[in-house]
2 protein chains.
Amino acid sequence: MEIEPTKSELEILQVLWHHGPSTVRFVNDKLNEQKRAVQYTSTLKLMQIMAEKQMLTRDESQMKHIYIPLIEEGQTKEFLLEKFVDNMYNGSSSSLVMQLLGNKKTSKEEISELRALLDEFDKNNA
Amino acid sequence: MEIEPTKSELEILQVLWHHGPSTVRFVNDKLNEQKRAVQYTSTLKLMQIMAEKQMLTRDESQMKHIYIPLIEEGQTKEFLLEKFVDNMYNGSSSSLVMQLLGNKKTSKEEISELRALLDEFDKNNA
DNA sequence: TTGTTCGTACGAAATTTTTCCTACCTTTGT
DNA sequence: ACAAAGGTAGGAAAAATTTCGTACGAACAA
């Protein structure tokens with residue numbers, strides 16, 4: 001993995017990962033709903049660039065091109081998370097989680113969820 | 001908190017947080033040791049800009065100015081982590097931790113560390 | 001004293017990322 | 001047929017970030 005999506009590229013990838021292959025129009029609408037105001041041609045341009053970079057591919061058989069992510073969600077996020085942990089917490093995952101637990105915005109539900117995950121993990125790795 | 005350090009700014013902040021108030025020379029040396037080749041004047045410029053932005057302040061009483069972080073480590077990292085979780089995992093911390101657990105690079109030690117953290121947390125919040 | 005080293009200031013340039021204008025083509029509705 | 005709506009392509013510009021050259025003063029060593 002040598003591909004590091006920029007902030008805006010990641011926004012687009014999220015839409016495609018979440019909703020599957022989509023037109024530019026669809027992605028642009030989602031961004032405007034969920035994120036911020038952005039012109040159609042800006043999104044178009046970015047997605048074209050992403051296709052050049054081999055981050056996406058597209059089906060041009062119809063006039064409305066369908067864009068398809070070429071990089072896999074889990075793999076990409078794992079890569080980005082690893083970089084984040086390295087940069088911010090000197091590679092220590094537990095430091096990150098400690099920060100998470102100290103964060104007021106992390107809800108009780110999230111925390112019991114965390115505990116369940118860890119139990120599950122232990123069970124499978126006993 | 002409205003201050004969002006850039007990638008390079010964060011590198012500088014990490015040095016200052018870790019080593020305390022420092023000269024440009026010191027920070028630049030650390031960056032070259034730990035990160036990548038970068039000219040002295042580049043680091044200088046960046047730290048001057050950060051001072052303008054009120055991210056740092058400096059003691060100019062000596063010729064070698066001493067730069068001091070104005071934003072707090074924990075608070076800043078919490079903010080950045082929250083944004084990361086929002087952007088990448090739609091705000092779900094447990095999704096992030098799940099990714100962490102699935103990551104081969106997360107060691108067994110890290111995981112028992114995690115479990116200990118969670119136990120500790122529960123004890124204090126029973 | 002004099003030259004070398006080390007510091008800051010400043011401006012400009014290079015790079016990266018993001019945004020949008022314009023042109024032009026296709027589809028659709030009247 | 002024709003206008004309106006919606007599509008892509010491409011270039012340029014804007015914005016954000018990063019890098020560095022040059023000038024010049026202070027400290028220091030010979």
Side-chain angles (χ1 to χ4, degrees), chain A residues 2-16 21-68 71 76 80 83-84 87-88, chain B residues 2-16 21-68 71 76 80 83-84 87-88:
Chain A
E2 311 138 1
I3 307 165
E4 212 185 313
T6 66
K7 223 185 237 288
S8 304
E9 285 171 346
L10 194 58
E11 287 179 347
I12 289 171
L13 283 169
Q14 298 275 35
V15 174
L16 292 176
S22 312
T23 62
V24 175
R25 174 66 61 193
F26 180 85
V27 172
N28 187 247
D29 285 350
K30 282 279 172 281
L31 292 182
N32 278 281
E33 284 166 26
Q34 301 171 355
K35 299 281 182 174
R36 66 211 152 74
V38 56
Q39 291 297 113
Y40 175 84
T41 54
S42 302
T43 304
L44 169 65
K45 181 63 159 190
L46 208 31
M47 290 175 74
Q48 286 170 341
I49 291 173
M50 290 168 79
E52 274 178 23
K53 288 191 195 171
Q54 316 267 44
M55 210 175 275
L56 310 180
T57 187
R58 63 183 183 179
D59 172 358
E60 308 182 9
S61 64
Q62 308 300 121
M63 184 177 69
K64 304 183 183 185
H65 296 173
I66 306 289
Y67 285 80
I68 303 152
I71 62 182
T76 304
L80 292 175
K83 272 194 23 113
F84 188 79
N87 289 337
M88 295 270 293
Chain B
E2 310 138 2
I3 307 165
E4 212 186 312
T6 66
K7 223 184 239 284
S8 304
E9 286 171 346
L10 194 59
E11 286 180 347
I12 289 172
L13 283 169
Q14 299 275 34
V15 174
L16 292 175
S22 311
T23 62
V24 176
R25 174 66 59 194
F26 180 84
V27 172
N28 185 246
D29 285 351
K30 281 281 172 279
L31 292 182
N32 277 281
E33 284 167 26
Q34 300 172 354
K35 298 281 181 174
R36 67 211 151 73
V38 55
Q39 291 298 112
Y40 174 85
T41 53
S42 301
T43 304
L44 169 65
K45 181 63 160 191
L46 209 31
M47 290 175 75
Q48 286 171 340
I49 291 173
M50 290 168 78
E52 273 178 24
K53 288 192 195 171
Q54 316 266 43
M55 211 176 275
L56 310 180
T57 186
R58 63 182 183 180
D59 172 358
E60 307 182 9
S61 64
Q62 307 301 120
M63 184 179 67
K64 303 183 184 187
H65 297 174
I66 306 289
Y67 285 80
I68 303 153
I71 62 182
T76 304
L80 291 175
K83 272 195 21 111
F84 187 79
N87 289 337
M88 294 271 293

Nearest-0.5 Å distance that lies between atom CG in Leu16(A) and atom CZ in Phe26(A):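 So the CG of Leu16(A) and the CZ of Phe26(A) are separated by 9.0 Å.
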
Distance col, row Met50(A):CE vs Thr57(A):OG1, nearest 0.5 angstrom, shows 12.0 Å

Return the value, rounded to whole Å, for the distance between atom [atom1] of [X] and atom [atom2] of [N].
{"X": "Ile49(A)", "N": "dC20(C)", "atom1": "CD1", "atom2": "P", "result": "14 Å"}
{"X": "Glu9(B)", "N": "dT17(D)", "atom1": "CD", "atom2": "C1'", "result": "9 Å"}
{"X": "Ile12(A)", "N": "dT19(C)", "atom1": "CD1", "atom2": "P", "result": "9 Å"}
{"X": "Leu46(B)", "N": "dA14(C)", "atom1": "CG", "atom2": "C1'", "result": "15 Å"}
{"X": "Met47(B)", "N": "dT18(D)", "atom1": "CE", "atom2": "P", "result": "15 Å"}
{"X": "Asp59(A)", "N": "dG7(D)", "atom1": "CG", "atom2": "P", "result": "16 Å"}
{"X": "Met50(B)", "N": "dT18(D)", "atom1": "CE", "atom2": "P", "result": "10 Å"}
{"X": "Met55(B)", "N": "dT18(D)", "atom1": "CE", "atom2": "P", "result": "10 Å"}

Find out whether Gln48(A) and Arg58(A) are in side-chain contact, i.e. whether some heavy atom of one side chain is under 4.5 Å from a heavy atom of the other. yes

Is it true that Glu4(A) and Lys7(B) make a salt bridge, defined as a side-chain N closer than 4.0 Å to a carboxylate O? yes

Is [X] near enough to [N] that one of its side-chain N or O atoms lies under 4.0 angstrom from OP1 or OP2?
{"X": "Ser42(A)", "N": "dC20(C)", "result": "yes"}
{"X": "Arg36(A)", "N": "dT18(C)", "result": "no"}
{"X": "Thr6(B)", "N": "dT18(D)", "result": "yes"}

State, to 0.1 Å, how close Leu10(A) and Pro5(A) come at their nearest heavy-atom pair, and which atoms those are. N-CB, 4.2 Å

Is it the case that more than 12 heavy atoms not belonging to Gln62(A) sit under 6.0 Å from its CD atom?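 No, not enclosed.
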
For Lys64(B), the side-chain hydrogen bond (donor to acceptor under 3.5 Å, both in side chains) test, sequence neighbours excluded, returns none

Interface polar pairs with nucleotides 8-13 of chain D, N/O, under 3.5 angstrom:
unit_1, atom_1, unit_2, atom_2, d
dT8(D), OP1, His65(A), N, 3.4
dT8(D), OP2, Tyr40(A), OH, 2.1
dA9(D), OP1, Arg58(A), NH2, 3.0
dA9(D), OP2, Gln48(A), NE2, 2.6
dA9(D), OP2, Arg58(A), NH1, 2.9
dG11(D), N7, Lys45(A), NZ, 3.1
dG11(D), O6, Lys45(A), NZ, 3.3

